[in-house]
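As the structure is a computational prediction, the values presented were derived from the model and not from experiment. Nothing fancy with the numbering, it's 1 onward along the sequence.
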Amino acid sequence: REMKLKLSLQKEPKHSELVSCVGWASPSELYSVGDDHQILRWDFQSDNTNQLVQLPKETYATDIHWIPTGNTAKKQLSPSDLFALACTDGKLLLVSRLGRVEKAVEAHKGAVLGVRWSWDGTALLTCVCVCCVCACVHVCACLCSCVGVCLCSCVLYVCGACMHVLEHVY
């Protein structure tokens, strides 16, 4: 069988600079972040693209990941209401679907290169390029206060070649 892909090109670019990360929120909705500090929402059903938020000039995103939909161990979540945004200034931003920055967490001393929620939304992984001291307790506390309940049973983070797990103490 041959795989066929539908390719559509924009007549003019929506970002004015490099697109650094993209993330699917649903089968027809995509979010992109660029070095122009814009977060754009792409709706493929209506063929619309609009600016969700203009990030501060010092904020450069490296990765985006939506909190998983459905049941988590602690709370029923509505479809992808929150995404994590990794930034070069060491911050981890938690942003709502409406573009509101719910939390800005000083996650690392160096650039946060990647961020991933666990499949059930109970843990969050961040990674950096060099060994550093990670404020995982602070990250976990901020996530819990942002969502309203403790979703994180542990925080997994990668520093260089080392992987660390911080278990949440209740």
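Atom CD of E106 is separated from atom CG of L92 by 10.5 Å, given to the nearest 0.5 angstrom. Distance CG/L82 to CG/L98: 11.0 Å, rounded to 0.5 Å. Going from atom CG of D63 over to atom CZ of R116 covers 4.5 Å, rounded to the nearest 0.5 Å. To the nearest 0.5 Å, atom OG1 of residue T126 and atom NZ of residue K91 are 15.5 Å apart. Note that the CG atom of D36 and the NE2 atom of H15 stand 5.5 Å from one another [nearest 0.5 Å]. With values rounded to the nearest 0.5 angstrom, N48 atom CG is found 12.5 Å from L40 atom CG.
Looking at H37, its side chain does come within 3.5 Å of a backbone N or O of K57 through a donor-acceptor pair. Checked by atom type and distance alone, the side chain of S20 pairs as donor or acceptor with a backbone atom of V33 at under 3.5 Å.
In this structure, D47 has no side-chain hydrogen bond (donor to acceptor under 3.5 Å, both in side chains) partners at least two apart in sequence or on a different chain. Take T59 and apply the side-chain hydrogen bond (donor to acceptor under 3.5 Å, both in side chains) test, not counting sequence neighbours, and it matches no residue. Taking Q54 as the reference, Q51 meet the side-chain hydrogen bond (donor to acceptor under 3.5 Å, both in side chains) condition, with sequence neighbours excluded.
Within the 4.5 Å cutoff, the side chain of I64 has no heavy atoms near those of the I39 side chain. At least one side-chain heavy atom of L85 sits less than 4.5 Å from a side-chain heavy atom of C21. The closest side-chain heavy-atom distance from W42 to S32 is below 4.5 Å.
Taking every heavy atom of both residues into account, K14 and Q38 meet most closely at O-NE2, 3.8 Å.
The cluster map of Ile, Leu, Val, Met, Phe, Trp and Tyr, joined by side-chain heavy atoms under 4.5 Å apart, puts L52 and L55 in the same cluster. No single ILVMFWY cluster, assembled from side-chain heavy atoms under 4.5 Å apart, contains both V112 and V22. In the hydrophobic clustering of ILVMFWY residues, with side-chain heavy atoms under 4.5 Å counting as a link, Y60 and V95 come out apart.
Counting heavy-atom neighbours within 6.0 Å of Q45 CD, excluding the residue itself, gives a total of 12 or less.
When each of W66, W24, W117 is paired with F83, the ring pair (Phe, Tyr, Trp, His ring centres under 6.0 Å) condition holds for W66 and for no other.
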